[in-house]
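Would you mind keeping the following structure in view while I ask a few things?
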Amino acid sequence: LIMIFKTIMRYLIFICLFLSFISCNKSSECTEKERQNFKIKCSKTIYFKPDPISFTGFEFDEIDSVKVVEKNNSKKVNTFFFHADKENNLNRIEDKIYWAHIENNLNVNHSYEFYLGKDKPYILDNMEMIMWAQYTSNGEGWGCVMGNFTIDNKKFEHIGNINFTKRGF
């Protein structure tokens, strides 16, 4: 019985080493053709989940309940609300940085009015899906994120998260 156990252990060690070796090789990297195909597919993506969104310079009561109006060609198509999570933001209160999670998917072809506090709405628009390099211990990969956009006509490029900064902050 001990001999069988030792034999099984040797094979398990060999199998683990073999799997480690093949999982760390360069074959997991994308070819240029695969990158181009992924870039085309990414650029055609319409819906995305903007998670998380950050708010800088606001008091918590201004972003506790955020109203969002979705528009397509200036026509209102949807309204939804979300809340910032005060408990998860306690370590950044002195910086006036808060984070929130939105459950709704957003459409890159629409514009969104974010009503924050008593100020006029902040307009998220001109969104574009981009390829985003992702590197892991297993090699190179690519993700597709909404990384180019405007807020109140100010352009942001290759940004991983949407951030609303209070006007005048």
Side-chain angles (χ1 to χ4, degrees), residues 28-89 91-93 95-169:
S28 62
E29 292 184 6
C30 299
T31 65
E32 187 58 34
K33 184 177 181 184
E34 289 171 325
R35 278 189 202 124
Q36 290 306 316
N37 288 341
F38 187 81
K39 187 175 185 176
I40 291 167
K41 182 180 175 186
C42 178
S43 69
K44 292 179 181 179
T45 302
I46 296 173
Y47 296 99
F48 70 97
K49 184 167 283 224
D51 195 36
I53 291 180
S54 64
F55 303 91
T56 304
F58 294 92
E59 299 298 330
F60 185 77
D61 62 344
E62 294 177 290
I63 55 148
D64 179 33
S65 180
V66 177
K67 176 182 175 182
V68 181
V69 176
E70 178 179 2
K71 291 187 173 182
N72 183 13
N73 296 323
S74 300
K75 182 180 177 187
K76 181 177 163 182
V77 294
N78 189 20
T79 301
F80 61 90
F81 294 85
F82 67 91
H83 304 278
D85 185 4
K86 190 172 190 175
E87 285 71 35
N88 289 336
N89 293 288
N91 61 337
R92 299 301 301 265
I93 287 177
D95 300 325
K96 293 189 177 186
I97 297 173
Y98 295 95
W99 296 85
H101 301 278
I102 296 180
E103 297 300 319
N104 299 59
N105 285 328
L106 301 187
N107 184 323
V108 295
N109 298 317
H110 293 179
S111 65
Y112 294 85
E113 296 177 354
F114 286 75
Y115 290 83
L116 308 171
K118 295 179 179 167
D119 205 355
K120 68 179 184 173
Y122 292 75
I123 310 296
L124 173 66
D125 202 1
N126 305 308
M127 294 172 277
E128 180 184 354
M129 299 299 285
I130 61 170
M131 241 172 67
W132 195 275
Q134 298 175 334
Y135 300 96
T136 67
S137 60
N138 289 332
E140 167 190 351
W142 295 92
C144 184
V145 299
M146 194 289 293
N148 295 345
F149 54 93
T150 61
I151 294 177
D152 293 340
N153 293 318
K154 181 180 178 187
K155 190 170 183 103
F156 296 89
E157 292 183 314
H158 295 275
I159 304 294
N161 295 96
I162 299 167
N163 176 55
F164 292 98
T165 301
K166 185 171 184 172
R167 294 179 184 108
F169 183 75

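The model shown is predicted, which means the values in this text are computed figures rather than measured ones.
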Heavy-atom closest contact (Thr56 atom, Phe169 atom, distance)
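Scanning both residues, the minimum pair turns out to be CG2-CE2, 3.7 Å.
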Minimal non-hydrogen separation, Ala84 against Ala100, with atom names:
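Residues Ala84 and Ala100, closest heavy atoms: CA-CB, 3.8 Å.
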Drop me the distance from Lys155's NZ to Glu128's CD, to the nearest 0.5 angstrom.
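Here the rounded value is 7.0 Å.
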Minimum heavy-atom separation for Phe48 and Met129, please, with both atom names.
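In this case the closest contact between Phe48 and Met129 is CB-CE, 4.0 Å.
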When you look at CZ of Phe80, are more than 12 heavy atoms from neighbouring residues, nucleotides or ligands closer to it than 6.0 Å?
yes
For a salt bridge (charged side-chain N to carboxylate O under 4.0 Å, His left out) with Glu62, tell me which candidate from Lys67, Arg167, Lys166 qualifies.
Lys166
To the closest 0.5 Å, what do you measure between CG (Asn107) and NZ (Lys71)?
15.5 Å
Relative to the ring of Phe156, is the ring of Phe149 parallel (under 30°), tilted (30 to 60°) or perpendicular (over 60°)?
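Rings of Phe149 and Phe156: parallel, under 30°.
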As an exercise, state the distance from CD1 of Ile162 to CG of Asp51, rounded to the nearest 0.5 Å.
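Between atom CD1 of Ile162 and atom CG of Asp51 there are 10.0 Å.
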Could you grab the distance from atom CH2 of Trp142 to atom CD1 of Ile130, nearest 0.5 Å is fine?
10.0 Å
Verify, without hydrogens or angle tests, whether Asn161 (side chain) and Pro52 (backbone) share a donor-acceptor contact under 3.5 angstrom.
yes
Closest contact, heavy atoms only, Asn109 versus Asn72
O-OD1, 4.2 Å
Minimum heavy-atom distance between Phe38 and Gly143, given as atom pair plus value:
CE2-O, 3.6 Å
Tell me, do Val108 and Thr45 make a side-chain contact under 4.5 Å, heavy atoms counted?
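Counting from C-beta outward, Val108 and Thr45 never come under 4.5 Å.
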Can you tell which of Glu32, Lys39, Lys33 makes a side chain to side chain donor-acceptor pair (under 3.5 Å) with Gln36?
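Passing option: Glu32.
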Are any side-chain N or O atoms of Asp152 and backbone N or O atoms of Ile123, one a donor and one an acceptor, separated by less than 3.5 Å?
yes
Should the ring pair Phe58 and Phe55 be called parallel, tilted or perpendicular, given that the plane angle runs from 0 to 90° and is split at 30 and 60?
perpendicular
Just so I know, are the side chains of Trp99 and Ser54 near enough to count as touching, which here means a heavy-atom distance under 4.5 Å?
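Yes, their side chains come closer than 4.5 Å.
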Heavy-atom side-chain proximity of His83 to Ser65 below 4.5 angstrom
yes
Does the pair Ile40 and Lys44 meet the rule for a side-chain contact (heavy atoms from CB on, under 4.5 Å), with working shown?
CA-CA 7 Å; Ile40 291 167; Lys44 292 179 181 179; 3.8 Å; yes
At their closest point, which heavy atom of Ile151 faces which heavy atom of Asn163, and how far apart are they?
CD1-O, 3.3 Å
Does atom CG of Asn73 have more than 12 heavy-atom neighbours, drawn from other residues, nucleotides or ligands, at distances under 6.0 Å?
no
Take atom NZ in Lys49; do more than 12 heavy atoms of anything else shown fall under 6.0 Å from it?
yes
Is there a side-chain contact (heavy atoms from CB on, under 4.5 Å) between Ile63 and Phe164? Walk through the geometry before answering.
CA-CA 10 Å; Ile63 55 148; Phe164 292 98; over 6 Å; no
For the residue pair Thr150 and Asp125, confirm or rule out a side-chain donor-acceptor distance under 3.5 Å.
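Per modelled atom types, Thr150 and Asp125 side chains form no pair under 3.5 Å.
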Can you classify the ring geometry of Trp132 versus His158 as parallel (below 30°), tilted (30 to 60°) or perpendicular (above 60°)?
tilted
Rounded to the nearest 0.5 Å, what separates atom CG in Asn104 from atom OH in Tyr112?
8.5 Å
CG/Leu106 to CG/Asn78 distance, rounded to the nearest 0.5 angstrom?
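That separation rounds to 10.0 Å.
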Aromatic ring proximity, centroids under 6.0 angstrom, Tyr98 and Phe60:
yes
